[in-house]
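Data first, discussion second: the structure below is written as structure tokens.
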Amino acid sequence: VVEAAARCYALDRAELTTRPCDTAENVQAFAATTANNSGVASLSADNFTASSPACGRQVEASYDFQALVPAIPLSVTLSAKACRPATPVT
């Protein structure tokens, strides 16, 4: 999901007619929608961060996972990050 969102963010260009990833907020919403459509309904846009560091366009995700078995008190933060070079304007 973060790879797809980073790719969408990196490929955003003004000449495109449909621009689902033209702002950081839209990228975060795109990532959440992609996750939900993939069967991960517990993620929202707040779980994602979009930024523009030196590597290009980056999307990070973070989710606090709680064990599904009450007898096992497990809490783990799951995270993922992807960065793609921004597409140059020609």
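When a residue number appears, it is its place in the shown sequence, counting from 1. Atoms considered below: every heavy atom in the structure, side chains included; atoms not considered: hydrogens, waters and symmetry mates.
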Inset, instruction - Starting from the C-alpha separation in whole Å, work towards a yes-or-no answer on side chain to side chain contact (heavy atoms under 4.5 Å, CB included) for S62 and T77. - result: CA-CA 7 Å; S62 180; T77 300; 3.5 Å; yes
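- Note that the CZ atom of F48 and the OG1 atom of T33 stand 9.5 Å from one another [nearest 0.5 Å].
- Scanning all heavy atoms of the two residues, the minimum distance from L43 to A35 falls at CD1-CB, 3.8 Å.
- Pairing each heavy atom of A82 with each of A6, the nearest pair is O-CB, 3.7 Å.
- L11 and Y9 are not part of a single hydrophobic cluster, where members link through side-chain heavy atoms under 4.5 Å apart.
- Contact record, A32 with A45: CB-N, 3.5 Å, taken as the closest heavy-atom pair.
- Taking CD of Q28 as the start and CG of N47 as the end, the distance is 10.0 Å to the nearest 0.5 Å.
- Applying the salt bridge (charged side-chain N to carboxylate O under 4.0 Å, His left out) rule to E3 yields the partners R84; only residues at least two apart in sequence or on another chain are considered.
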Legend entry - Chi angles and distances behind the side chain to side chain contact (heavy atoms under 4.5 Å, CB included) call for Y63, V40: CA-CA 11 Å; Y63 178 72; V40 186; over 6 Å; no
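- Closest approach of A61 and V2 over heavy atoms only: CB-CG1, 3.6 Å.
- Contact of the V27 side chain with the C21 side chain is registered, since non-hydrogen atoms from C-beta on lie closer than 4.5 Å.
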Between side-chain atoms of residues 52-59 and protein atoms elsewhere (two or more places apart, or another chain), which donor-acceptor pairs fall under 3.5 Å?
{"unit_1": "S52", "atom_1": "OG", "unit_2": "R57", "atom_2": "NH1", "d": "3.0"}
{"unit_1": "Q58", "atom_1": "NE2", "unit_2": "E60", "atom_2": "OE2", "d": "3.0"}

